[in-house]
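A short write-up of the structure that comes next.
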Amino acid sequence: MTQTSYAGLADRVVLITGGASGIGAAFVRAFAGQGARVAFLDIDETAGSALAAEVAAASRAAPLFVPCDLLDIDSLRAAMAQVHRTLGDVAVLVNNAANDQRQVLADVTPAEFDWTIGVNFKHVFFAAQAIVPQMQARGGGSIINMSSIAWMRGAPALPVYAAAKAAIVGFTNSLARSVGPDRIRVNAIAPGMVITERQRRLWYPNEQTIAELRTRQAIPDAVTPEDIARMALFLASDESQRITSQCFRVDGGLA
Ligand SMILES: NC(=O)c1ccc[n+]([C@@H]2O[C@H](COP(=O)([O-])OP(=O)(O)OC[C@H]3O[C@@H](n4cnc5c(N)ncnc54)[C@H](O)[C@@H]3O)[C@@H](O)[C@H]2O)c1
């Protein structure tokens with residue numbers, strides 16, 4: 001991936017949730033490529049260990065992979081404490097983990113509702129809550145929360161996911177106000193259609209559907225995980241030091 005080099009990111013501690021695959025893996029590679037000290041959490045131990053080994057071989061600092069189920073807030077806190085003990089105060093938190101399981105409105109049970117909010121929003125709140133004191137201690141930081149265009153456009157098969165992704169923007173704006181005086185910036189990224197391996201396998205097995213959806217973009221090219229990572233690098237870097245409380249669409253201008 002061609003990317004701008006942000007000198008300030010070298011040696012910074014960057015924590016990425018859901019970093020083992022998809023866009024999260026692009027974040028791990030991109031921040032490691034900047035010389036940052038990267039830690040990532042994920043429930044997928046196989047993919048996480050493989051990515052950690054791959055990135056360790058290609059970067060000057062091996063990333064720290066901590067397996068963790070983010071639905072369990074005690075586990076999240078324990079994993080974050082391990083990262084803190086090992087690498088020190090976190091400068092950049094990327095709240096990326098999610099699950100866009102399709103749902104039918106009439107079939108969503110209270111348990112499924114709670115699961116969907118848990119996997120898409122609850123950990124975002126508690127990861128940010130745990131990281132703020134570390135960022136205060138180091139005099140600032142950048143929190144990047146992954147939203148989605150799903151809630152802006154109205155996605156009928158994602159009623160709870162879309163609500164969670166909208167909640168992330170509300171939380172982003174609230175948190176940005178409360179921690180701004182500590183020079184902690186909080187922004188969101190809303191990707192458009194990014195065809196990762198998982199997306200292709202589960203939701204877009206058909207090239208024609210992808211091509212049709214792409215005609216709704218102003219720019220017809222595929223939006224890649226690396227495109228999303230470029231925005232994350234910018235928001236993490238000092239080049240964006242006066243930017244906070246924003247949600248950036250990276251979607252090729254999807255209508
Ligand atoms: N791919 C897209 O087109 C798209 C579009 C809009 C928004 N987004 C958002 O961008 C982010 C990344 O998207 P993606 O497509 O790479 O997502 P993904 O579902 O492929 O990957 C998310 C990662 O989170 C991990 N994860 C899931 N549940 C977990 C849990 N309980 N504990 C720990 N880890 C868990 C997965 O193992 C995976 O590595 C997500 O927040 C997603 O909502 C993606």
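Residues: numbered from 1 along the sequence shown. Values below: every heavy atom of this structure, side chains too, minus hydrogens, waters and symmetry copies. Remember, it's 1-based here, ligands and their atoms both numbered in the order they're listed.
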May I ask you to say whether Glu54 pairs ionically with Arg29, meaning some side-chain N is under 4.0 Å from a carboxylate O? yes
Atom 44 (C) of ligand 1 has as its nearest protein heavy atom Ile23 CD1, 3.8 Å
For atom 32 (N) of ligand 1, what is the closest protein heavy atom, and at what distance to 0.1 Å? Leu70 N, 2.9 Å
Please determine if Gly192 has a nitrogen or oxygen closer than 3.5 Å to a nitrogen or oxygen of ligand 1. yes
Tyr161, any N or O under 3.5 Å of ligand 1 N or O: yes
Could you tell me whether Val194 and ligand 1 have an N or O pair separated by under 3.5 Å? yes
Answer side chain, backbone, both or neither: which part of His123 comes under 4.0 Å from ligand 1, heavy atoms only. neither
Side-chain H-bond candidate by donor/acceptor type, Ser240 with Arg185, under 3.5 Å: yes
Can you pull out the closest protein heavy atom to atom 12 (C) of ligand 1? Residue, atom name and distance to 0.1 Å, please. Asn96 OD1, 3.0 Å
One finds that the ligand 1 atoms under 4.0 Å from a non-hydrogen atom of Arg198 are 19 (O), 20 (O)
Before accepting this row, confirm whether a basic side-chain N of the pair Arg216/Asp251 lies closer than 4.0 Å to the acidic partner's carboxylate O. no
Against heavy atoms of Ala97, which atoms of ligand 1 measure under 4.0 Å? 24 (O)
For Val119, counting its heavy atoms only, list the atoms of ligand 1 lying under 4.0 Å from any of them. 28 (N), 31 (N)
Looking only at distance, does Asp69 have an N or O less than 3.5 Å from an N or O of ligand 1? yes
Heavy-atom pairs closer than 4.0 Å: do any link ligand 1 to the side chain of Ser147, the backbone, both, or neither? backbone
Any idea which part of Pro225 is under 4.0 Å from ligand 1, heavy-atom wise: side chain, backbone, both or neither? neither
Would you please say whether a donor-acceptor pair under 3.5 Å links the side chains of Arg77 and Gln129? yes
To check your reading of the model: name the closest protein heavy atom to atom 34 (N) of ligand 1, its residue, and the distance in Å. Ile43 N, 3.2 Å
Under 4.0 Å between a side-chain nitrogen and a carboxylate oxygen: does that hold for Asp100 and Lys165? no
Below 4.0 angstrom, counting only protein heavy atoms, does anything approach atom 17 (O) of ligand 1? no
